[in-house]
Amino acid sequence: MIKVTLKDGSVMEFDNGITAGEVAERISAGLARAALAAEVDGEVRDLGYKLEKDCNLNILTFDSEGGRNAYRHTTSHVLAHAVKRLYPDAKLAIGPAIENGFYYDFDVEKPFSPEDLAAIEKEMEKIIKEDLPLERFVLPREEAIRFMEERNEPYKVELIRELPEGEEISFYRQGDFVDLCAGPHIPSTGKIKAFKLLQVAGAYWRGNEKNKMLQRIYGTSFPKKSELDEYITRLEEAKKRDHNKLGRELGYFTTVDYIGQGLPILMPKGAKVIQILQRFVEDEEERRGYMLTKTPLMAKRELYKISGHWDHYRDGMFIIGDPEDFENENAEIFALRPMTCPFQFQVYLSKLRSYRELPMRFNETSTLFRNEASGEMHGLIRVRQFTISEGHIACMPEQLEQEFAGCVDLANYMLKTVGLDTDVTYRFSKWDPANKEKYIGTEEQWEEVQGRMREILDKLGIPYTEAEGEAAFYGPKLDIQIKNVHGKEDTLITIQIDFLLAEKFGMEYIDRDGQRKHPYVIHRTSIGCYERTLALLIEKYAGALPTWLSPVQVRVLPIIDKHHEYARKVLAALREKGIRAEVDERNEKIGYKIREAQMEKIPYMLVVGDKEAENSQVAVRSRKEGDLGAMPLEDFIKKIVYEIETKAK
RNA sequence: GCUGGUGUGGCGCAGCGGUAGCGCAAUUGAUUCGUAAUCAAUAGGUCAGGGGUUCGAAUCCCCUCACCAGCUCCA
């Protein structure tokens, strides 16, 4: 007999060798039905896993990550099974469960078309109907390799060869389909109740662009049809908030073929929001002791040679001049700046600095140019020219922690104010020791500064994840990440510690002891890139930005033309207080004007007719709450000014 | 950069080898109206750009550009 401790702490006794699934059956029929996998002493296992000693057991259903992953992972096997039936020559790569579904990569002669997906879905239905049990088996390494060689699966052979010594090499079989797989899986294909293939895309084998591009099929699955439908609806709803659609519709920005990719035109509304954000950021930075600079947008390559950009970032730069001259030392070559650091450092370098001057904080609303690869551009989120709330702090080692904390505080204050604070995650971006040539500096220097950064992050209690190979070429970063409506993650704000560029540029200060020393440099943004921030705000608020950020805050709607005069008076009074307002003087019915203002997401509509004109009132309609009734114009102004000043959401 | 998809009046779409169409928006006229679409008329298109096939191309083929999703890369 063995003792099994369940999730609720209760202990049950069973015969040795009972499976996790059988335990579920003993607990309740309902649990057995919902059971997908099991967690045994912290390890996720199949329900068929035999319990052979005392253990902690947690039966996993779709509500748990482990259960969901098993369910979707099995769906990906069904996908692969269907593809193999329809395209026997397809070679299998990998097919994991991912956040909201699964994918499977195939090497096929001809890419899958959307019609192919429909056929594959049909075949999957059949496999599910056949209710094939999934059986796990293990092979020794050599046999495993021979097995997959016989099945003509070179990618699987490669995977097996790279499995660490001593690792159990397991396979799962369902009918005539077998896949190399660590598992776990649900007991049979018939358990899959609702699934859908969502899209096909190319994906490099092992994520390396030097490797062959495979065909990836994405899909998702749920235990209930209704949950799948709900998920699809949610995806569609999210896409309606897409800034790239909404931002264009609402007149925030546009693009023009003959201007070029990644070069959006900010229209009056977009430009206004960015100006509001910029003023807010610059004012706040000034309060926090930053000194504003304005430095050139381009420089000779000599500057970038010192900074390392010429050797480590050249592909990302727009270089002005004949590429044939690049190797000619005497040619004068300019490049648009991809970062502000080497420029802003010149301010520090303009005279000899004393420790008394440190920390020195410089900020700049800085336009940058990066030659992104052509497939990378995306609305306002990834562009080739953008403006960033850039800043650099030079400080002594003993000031590093406090200055770093100040940057984090500023970033969080910005996020909170614009309402994005609950949507971000923190990433500690480190270098990749296997790829040293991508970075400047030595291994010792990197290990030291990363250790320092980790200490600071831990002390500040920042809940970060770690990412190798995501550092800047000159130092590690704390990246504040955010996801767009498609679930794609991008960096919104970054705070970086740099100990190398100060040395390269000869930045020094005279310390108390009279010695020349290199300062630490913190590269940081406070709200990141304005274009990207605007995009994410549009998505967050579905275009209905908080009043303080709205490009048009009030639209005055006269009932008929005899009210135009009073409407203009109202307009003047609003503008007097700095409220962004306009009048709709078109010869249209009031319902029509309201509908348009509502669709343009203008926070307040002021309806003015005889009653209002007589009493110096306005009939207020809020885009959120609808008709608020008439009130004195003065009262409305007080109300909206308060809302704007408090930056209410 | 790679894989796949898309490109028709301001926007959303139809047409897929035989004179370019619909809805909304726009303009003009009428209507003077109280909280999400008043009525009528009118105008607007090198069918992304270039090349080719054809008696004839929005439609078929090639190249380029842009847009979308994914990969890779990155703020």
Side-chain angles (χ1 to χ4, degrees), chain A residues 103 105 110-114 116-117 198-218 239 242 244-245 248-249 251 254-263 313 315-316 338-339 366 368 370-379 381-384 386-390 429 469-470 472 477 479-482 486-494 496 523 525 527-533 557-563 586-599 605-612 619-623 626-630:
Chain A
Y103 68 78
D105 287 346
K110 221 172 69 192
F112 299 112
S113 69
D116 294 337
L117 281 199
L198 298 169
Q199 57 172 325
V200 222
Y204 300 107
W205 167 236
R206 317 205 100 174
N208 186 335
E209 63 180 326
K210 292 193 181 80
N211 290 340
K212 182 160 187 187
M213 181 161 267
L214 310 175
Q215 292 299 311
R216 174 172 297 178
I217 298 178
Y218 283 95
K239 278 179 191 146
D242 187 343
N244 208 0
K245 188 175 187 304
R248 288 170 196 272
E249 277 171 11
T254 187
T255 48
V256 175
D257 288 10
Y258 45 81
I259 285 184
Q261 267 195 309
L263 298 169
Y313 207 82
D315 286 348
M339 298 179 194
S366 178
L368 303 179
R370 294 189 186 174
N371 192 4
E372 300 288 344
S374 64
E376 311 296 350
M377 264 62 77
H378 170 58
I381 288 183
R382 274 295 280 288
V383 291
R384 280 181 167 155
F386 54 96
T387 300
I388 194 169
S389 53
E390 182 87 90
S429 299
E470 297 288 346
K477 312 190 284 177
D479 290 321
I480 303 184
Q481 304 290 108
I482 190 159
H486 296 108
K488 189 178 163 82
E489 188 179 277
D490 274 297
T491 301
L492 191 58
I493 296 176
T494 180
Q496 315 169 353
H523 305 235
T525 65
I527 207 171
C529 155
Y530 289 101
E531 291 83 351
R532 183 172 285 183
T533 303
L557 310 178
I559 303 267
I560 55 168
D561 48 13
K562 71 171 170 176
H563 305 121
R586 292 175 307 168
N587 179 9
E588 296 291 351
K589 289 170 84 168
I590 197 66
Y592 185 88
K593 294 182 184 181
I594 287 171
R595 179 182 153 81
E596 295 232 316
Q598 192 77 38
M599 291 198 307
M605 292 151 259
L606 300 183
V607 177
V608 295
D610 287 336
K611 277 181 283 178
E612 291 74 20
V620 180
R621 185 188 169 96
S622 140
R623 94 188 142 191
D627 192 354
L628 300 180

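Treat the numbers as computed from the prediction; the structure is a model and nothing was measured. No hydrogens, no waters, no symmetry mates; every other heavy atom, side chains included, goes into these values.
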Whole angstroms only, please: what is the [atom1]-[atom2] distance between [X] and [N]?
X: A:E372; N: B:G1; atom1: CD; atom2: C1'; result: 12 Å
X: A:E588; N: B:G29; atom1: CD; atom2: C1'; result: 13 Å
X: A:H378; N: B:C73; atom1: NE2; atom2: P; result: 18 Å
X: A:K245; N: B:G7; atom1: NZ; atom2: P; result: 16 Å
X: A:I259; N: B:C67; atom1: CD1; atom2: P; result: 11 Å
X: A:K210; N: B:U72; atom1: NZ; atom2: P; result: 14 Å
X: A:L198; N: B:G70; atom1: CG; atom2: C1'; result: 12 Å
X: A:D561; N: B:U38; atom1: CG; atom2: P; result: 16 Å

A:R206 (side chain) and B:C71 (base): donor-acceptor pair under 3.5 Å: no
Heavy-atom donor-acceptor pair, A:E376 side-chain to B:U72 base, under 3.5 Å: yes
Nearest to side-chain heavy atoms of A:R595, which nucleotide of B:G34, B:U3, B:A37: B:A37
Quick one: label [X] by what it contacts on the DNA or RNA (base, sugar-phosphate, nothing), any heavy atom closer than 4.0 Å.
X: A:D315; result: nothing
X: A:R532; result: base
X: A:K562; result: nothing

Reported OG1-to-CG distance for the pair A:T494 and A:D479, which is rounded to 0.5 angstrom: 4.0 Å
